[in-house]
Chemist: 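Let me give you the structure first, and then I'll get to my questions.
Lettering follows sequence order; numbering is per chain, from 1.
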Amino acid sequence: MELASKYNPSDVEAKWYQYWLDNKLFSSKPDSREPYTVVIPPPNVTGVLHMGHMLNNTIQDILVRRARMKGKNACWVPGTDHASIATEAKVVNRLATQGIKKSDLTRDEFLKHAWEWTDEHGGIILKQLRKLGASCDWDRTAFTMDEVRSKSVNKTFIDLYNKGLIYRGVRMVNWDPKALTALSDEEVVFKEEHSQLFYLRYKIENEDGYAIVATTRPETIMGDTAMCINPNDPKNAHLKGKKVIVPLVGRVIPVIEDDYVDIEFGTGCLKVTPAHDVNDYMLGEKYNLPSIDIFNDNGTLSEAAGMYVGMDRFEVRKQIVKDLEAAGLMEKIEAYTNKVGFSERTDVAIEPKLSMQWFLKMEHLAKIALDPVMDDTIQFHPAKYKNTYRHWLENIKDWCVSRQLWWGHRIPAYLLPQGGFVVAETAEEALQLAKEKTGDTTLTIADLRQDEDCMDTWFSSWLWPISLFDGINNPDNEEINYYYPTSDLVTGPDIIFFWVARMIMAGYEYKGEMPFKNVYFTGIVRDKQGRKMSKSLGNSPDPIELIEQYGADGVRMGMMLAAPAGNDILFDVALCEQGRNFNNKIWNAYRLVQGWEVDQILAQPTSSKIAIEWFTATLHKTSLEIDEQFSQYRISEALMIAYKLFWDEFSSWYLELIKPAYEKPIDAVTYQATIAFFEELMKILHPFMPFITEELWQHTQERKEGESLMTQLVSVVDSTQIDQTLLQNFETVKQIVSGVRAVRLQKNIAQKESLTLKLIGKNELPSFDCVISKICNLSSIASVENKDETAASFMVGTTEYAVPLGDLIDVDAEIKKLEEEVNYLKGFLLSVKKKLSNERFVNNAPAAVVAMEQQKQADAESKITSLQETIASLNKA
RNA sequence: GGGCGUUUAGCUCAGUUGGUUCAGAGCAUCUGCUUUACACGCAGAGGGUCGGCGGUUCGAACCCGUCAACGCCCACCA
């Protein structure tokens, strides 16, 4: 069959992906093999593939395919995340375009819309993953809100509640005034803001004069219930025991003393607003201060504020500044930079707010999750993230798990008419518990009201490695026992707390064992200027378009070439070009081989026999190196080694060596060996570039229906099989060949014109002289005593080689070149001699090192002698 | 404010317990080449005082100290 001179990925990718699916090659069932399990970090169900997914899933696919070809039962479980807050926001926005407000809908009506949206957009991203070749077991596709996962979440919540680890209470939480929900600490991102520091005058009661308070939030003065000074602050000592009047508001509040206040900051006076600041809340608790909540849930001022009611908090800030100035109560305004917390999802400023929420106690969970990472039971790659992990666990706070959203797992708590609540999986069970708890046997289900809140999305994702195998509802089932703990987790360091740490907690709490053995942290994909890729910057290429342009294999390779573990990758489409070029190289190497006519009787040339022996050794050595890189999760390095093996060793050296003369046939032995090498190379490259390797592997021989490269095993190599001497001799061959090529280039002698090569002063020919002759087109290689005067010479090791050139020689240039080399060697010799004459070196350095230096000296001296003789003979010419 | 990390060729990175000629790779650059597998190619070449300073050592890109730049994480100074 005729193959095109350029590889066209779009022809083959869809074909082989369908073939793999049709033959169920991605599917895994427990069997006697060693399991290799990966669970996908579930992308948002309504998400669209971006470069980050591309990187992350390429790495997973490489690991999974590699494990499969190492004989393991590889199982990669895909799925999506319901992404509570993000998805709810999208649904709210869509409804808004249809003129529907969320508040106009019932919970059930809203959820109907949300499910419609999910069914419409859900799974787009999973379809996209197929384009890049992801070998997921699609029959296992899960959703964090499907039946099994939802049941797991509820069961877990109830279990933790029954263990006393979940509690409900009014606490200061991070409130998102746009999404109208509480957030966990992890969902708040602090950003620096250029704002202002306002100095407000609080009149001292029954006295002349003011206490000056510095604040960044003058709009909260309506919530002030105290002023606080440091007891050791001399400049504010006169305020002790006094009362002050809140400006504009007119409320009289006490001056309290606490050493929390920083004497140096501002004026040393702090206004205390217990309802709207975490620290003030703490002071409020300590001194039993009243708490006035002046904000509505949406960030507007509430009735309780008494002023500016209904206005937005930021509008109020502008207005109140004017009003304070008008009233003469503004001392001054300074420019000030501070950090303000923003909602990770909606990007609005967080409002600290007191509210009733559900919390999970973290002390116990943090404790069981720390050691396994610190002692490398679970390995982090790169290990530097262990520090970050430890720091978080050692300073952990309770996890606010409730969200005031509808899209998510509803909290399985039922509020009782007489106050209090019960926690149960179903309303019936709740009723039973309620009767027991209250002693009221007349209660009915209608009397119970299920808590309106739902749970943080991460409360389902933290169970993922267990719930995917139904290990919560159905502990000890065959699948969980076989696939758990999973092998490798591939994810970004940005979710180390959200997800990785919590999965480790859940793993130990519910399985008594780690959820995964290794965590590979990818970097962030940035553009080549180092900016994070984002929609708003428009600097993120569409991965699907890249695949169409360069082929999935090309894009995969492009990503991996630049992706060392834990380092950000600076992505440039030029990398995909490199990937595409490599595909084309592989394609054409195969075109060359398959175009040869095989002669069954033809004897094998010695040079081919040597080439096969050499490449066998090279292949084995390189396979071991690739294994080594994989074991350290250095996937880019593994790919680079494979790349060089194919391009340099196989294509540039091996194929050139065995290539028959134009239109001449090749002998059968060499041909067979070459096909076998090619197949082995396809196996090595397959995890990185699955499509082209499958395509060509299917070409090399007649294959049975359903047979695939995917399920072949890569050869196991024993390091003792490798002939090191052979490899070393061949390196010398390469250097000699380079020497001759350099002569050709310099003198502009075409490859067609044959040359001769002389070894000076050696009695034996170099190893593999037939190989050298073939590659360099030499008519002879001979050892001679005396130099030919009209020859170009070069040195390899301590041997001098000469290529007689007759009239072509430029004697002066040749002499100049040799003299330069002699000068370099003399300088080198000098430094070696200096070292050797240093007594302290000779006495202290290990004998082997000293011997090496002596050898260097001897070699340099002999080289110099040889070159000087050559120069002398050239001078005669 | 605390903690961690990075700094090696134009770019992205290797460099294992300090010792084969103070340095390697890929890409990029430059020079040749219409050599019938591939110009998405072939053959070559150039390019680094290993962030600065100081120290330990016979010997430092590697160990120690210090400074600087950049990055990340954490943190309740309004």
Chemist: Checking A/Lys835 against A/Phe841: charged group under 6.0 Å from the ring centre and within 45 degrees of the axis?
Modeler: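 Verdict for A/Phe841: a cation-pi partner in A/Lys835.
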Chemist: In this structure, how many angstroms lie between the C1' atom of B/rA37 and the CH2 atom of A/Trp596, rounded?
Modeler: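 To the nearest whole Å, that distance equals 9 Å.
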Chemist: What does B/rG41 pair with, Watson-Crick or G-U, if both distances are under 3.5 Å?
Modeler: B/rC33
Chemist: Under 4.0 Å between any heavy atoms, over every strand shown, what does A/Lys834 touch: base, sugar-phosphate, or nothing? Just pick one.
Modeler: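 The answer is nothing, as A/Lys834 stays clear of every strand by at least 4.0 Å.
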Chemist: Angle class for the A/Phe380/A/Phe521 ring planes (parallel below 30°, perpendicular above 60°, tilted otherwise)?
Modeler: perpendicular
Chemist: Would you indicate what A/Glu264 reaches in the nucleic acid, counting non-hydrogen atoms under 4.0 angstrom: base, sugar-phosphate, or nothing?
Modeler: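 A/Glu264: no heavy atom of the nucleic acid under 4.0 Å.
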Chemist: Looking only at side-chain N and O atoms, does A/Lys384 come under 4.0 Å of OP1 or OP2 in B/rC72?
Modeler: no
Chemist: Could you label the plane-to-plane angle of the A/Tyr7 and A/Trp587 rings as parallel, tilted or perpendicular, counting under 30° as parallel and over 60° as perpendicular?
Modeler: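 Tilted: the ring planes of A/Tyr7 and A/Trp587 meet at 30° to 60°.
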Chemist: Name the nucleic acid region contacted by A/Ala562, choosing base, sugar-phosphate or nothing; use a 4.0 angstrom heavy-atom cut-off, strictly under.
Modeler: nothing
Chemist: Report which part of the nucleic acid A/Ser738 touches: base, sugar-phosphate, or nothing (heavy-atom distance under 4.0 Å, all strands).
Modeler: sugar-phosphate
Chemist: Determine yes or no for a side-chain-to-main-chain donor-acceptor pair under 3.5 angstrom, with A/Ser636 supplying the side chain and A/Met560 the backbone.
Modeler: yes
Chemist: If you measure from the P atom in B/rA25 to the same atom in B/rA69, how many Å do you get, rounded?
Modeler: 34 Å
Chemist: A/Lys734 or A/Lys339: which one's nearest nucleotide on RNA chain B is closer to the 5' end?
Modeler: A/Lys734
Chemist: Decide yes or no for A/Lys271 and A/Met227: does some side-chain heavy atom of the first lie under 4.5 Å from some side-chain heavy atom of the second?
Modeler: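 A/Lys271 does not reach A/Met227 side chain to side chain.
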Chemist: Check whether the ring centres of A/Phe677 and A/Tyr654 lie less than 6.0 Å apart, and answer yes or no.
Modeler: yes
Chemist: On a whole-Å scale, what distance lies between the P atoms belonging to B/rG19 and B/rC27?
Modeler: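 That atom pair is separated by 28 Å.
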Chemist: Of A/Thr267 and A/Asp648, whose closest RNA chain B nucleotide lies nearer the 5' terminus?
Modeler: A/Asp648
Chemist: Check every strand shown and say whether A/Gln578 touches a base, only sugar-phosphate, or nothing at a heavy-atom separation below 4.0 Å.
Modeler: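 It contacts sugar-phosphate atoms only.
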Chemist: Could you tell me how far B/rC64 sits from B/rG48 if I compare only their P atoms? Round to whole Å.
Modeler: 29 Å
Chemist: Between B/rG24 and B/rA9, how far apart are the two P atoms, rounded to whole Å?
Modeler: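 Nearest-Å result for B/rG24 against B/rA9 at atom P: 14 Å.
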Chemist: Please measure how far the C1' atom in B/rG15 lies from the corresponding atom in B/rA23, and state the result in whole Å.
Modeler: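 Taking atom C1' in both B/rG15 and B/rA23, they lie 8 Å apart.
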Chemist: Have a look at A/Asn844 and say if it touches a base, only the backbone sugar-phosphate, or nothing, with a 4.0 Å heavy-atom cut-off.
Modeler: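 Result for A/Asn844 = base.
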Chemist: Is the distance from OP1 or OP2 of B/rA78 to the nearest side-chain N or O of A/Tyr336 less than 4.0 Å?
Modeler: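 For B/rA78, OP1/OP2 do have a side-chain N/O of A/Tyr336 under 4.0 Å.
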Chemist: A/Asp568 CG to B/rC70 P: how many Å, rounded?
Modeler: 17 Å
Chemist: Is the shortest side-chain N/O distance from A/Tyr260 to OP1 or OP2 of B/rA78 below 4.0 Å?
Modeler: no
Chemist: Measuring to OP1 and OP2 of B/rC74, would you say a side-chain N or O of A/Thr388 lies under 4.0 angstrom away?
Modeler: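 No, outside the criterion.
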Chemist: Within the pair A/Asn583 and B/rC40, is there a side-chain N or O less than 4.0 Å away from OP1 or OP2?
Modeler: no
Chemist: Using a strict threshold of under 4.0 Å (side-chain N to carboxylate O), is an ion pair present between A/Glu186 and A/Arg502?
Modeler: yes
Chemist: If I pick the P atom on B/rU56 and the same atom on B/rC11, what distance separates them, to the nearest angstrom?
Modeler: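 Rounded to whole Å, the distance is 34 Å.
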Chemist: Which is true for A/Tyr199 with a 4.0 Å heavy-atom rule: it touches a base, it touches only sugar-phosphate, or it touches nothing?
Modeler: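 Touches nothing.
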Chemist: Please determine if a side-chain N or O atom of A/Lys659 lies less than 4.0 Å away from the OP1 or OP2 oxygen of B/rA37.
Modeler: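 Yes.
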Chemist: With a 4.0 Å cut-off on heavy atoms, is A/Val593 in touch with a base, just the backbone sugar-phosphate, or nothing at all?
Modeler: nothing
Chemist: Given B/rC42, B/rG26, B/rA78, which nucleotide is nearest the side-chain atoms of A/Lys585?
Modeler: B/rC42
Chemist: Within the structure shown, what part of the strands sits under 4.0 Å from A/Glu656 by heavy-atom distance: base, sugar-phosphate, or nothing?
Modeler: base
Chemist: Establish whether the base of B/rA43 is bridged to the side chain of A/Gln746 by a donor-acceptor pair shorter than 3.5 Å.
Modeler: no
Chemist: Taking only side-chain N and O atoms of A/Arg634, does any of them lie within less than 4.0 angstrom of OP1 or OP2 on B/rU16?
Modeler: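 Looking at the OP1 and OP2 atoms of B/rU16, neither is under 4.0 Å from any side-chain N or O of A/Arg634.
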Chemist: Using a heavy-atom cut-off of under 4.0 Å over every strand shown, decide if A/Leu270 touches base, sugar-phosphate, or nothing.
Modeler: base
Chemist: Reckon A/Trp653 has a side-chain N or O less than 4.0 Å from the OP1 or OP2 of B/rC42?
Modeler: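 A/Trp653 to B/rC42 OP1/OP2: no side-chain N or O under 4.0 Å.
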Chemist: With no hydrogens and no angle check, do the side chains of A/Asn236 and A/Asn230 hold a donor and an acceptor under 3.5 Å apart?
Modeler: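 No donor-acceptor contact under 3.5 Å links the two side chains.
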Chemist: On a whole-Å scale, what distance lies between the P atoms belonging to B/rU8 and B/rA61?
Modeler: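 Comparing P positions in B/rU8 and B/rA61 gives a spacing of 15 Å.
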Chemist: Below the 4.0 Å mark, does B/rG44 have OP1 or OP2 next to a side-chain nitrogen or oxygen of A/Arg741?
Modeler: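 For A/Arg741, the contact criterion (side-chain N or O under 4.0 Å from OP1 or OP2 of B/rG44) is met.
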Chemist: For A/Asn387, report the nucleic acid contact type (base, sugar-phosphate, nothing); a contact means any heavy atom under 4.0 Å.
Modeler: sugar-phosphate
Chemist: Please tell me if A/Asn581 has a side-chain N or O lying less than 4.0 Å from either OP1 or OP2 of B/rC40.
Modeler: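 No, A/Asn581 has no side-chain N/O under 4.0 Å of OP1/OP2 on B/rC40.
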Chemist: Within the 4.0 Å heavy-atom criterion, would you say A/Lys644 contacts the bases, only the backbone, or no part of the nucleic acid?
Modeler: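 Since only primed, P, OP1 and OP2 atoms lie under 4.0 Å of A/Lys644, the category is sugar-phosphate.
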Chemist: Expressed in whole Å, how much space separates the P atoms belonging to B/rC50 and B/rC22?
Modeler: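 So the two P atoms sit 13 Å from each other.
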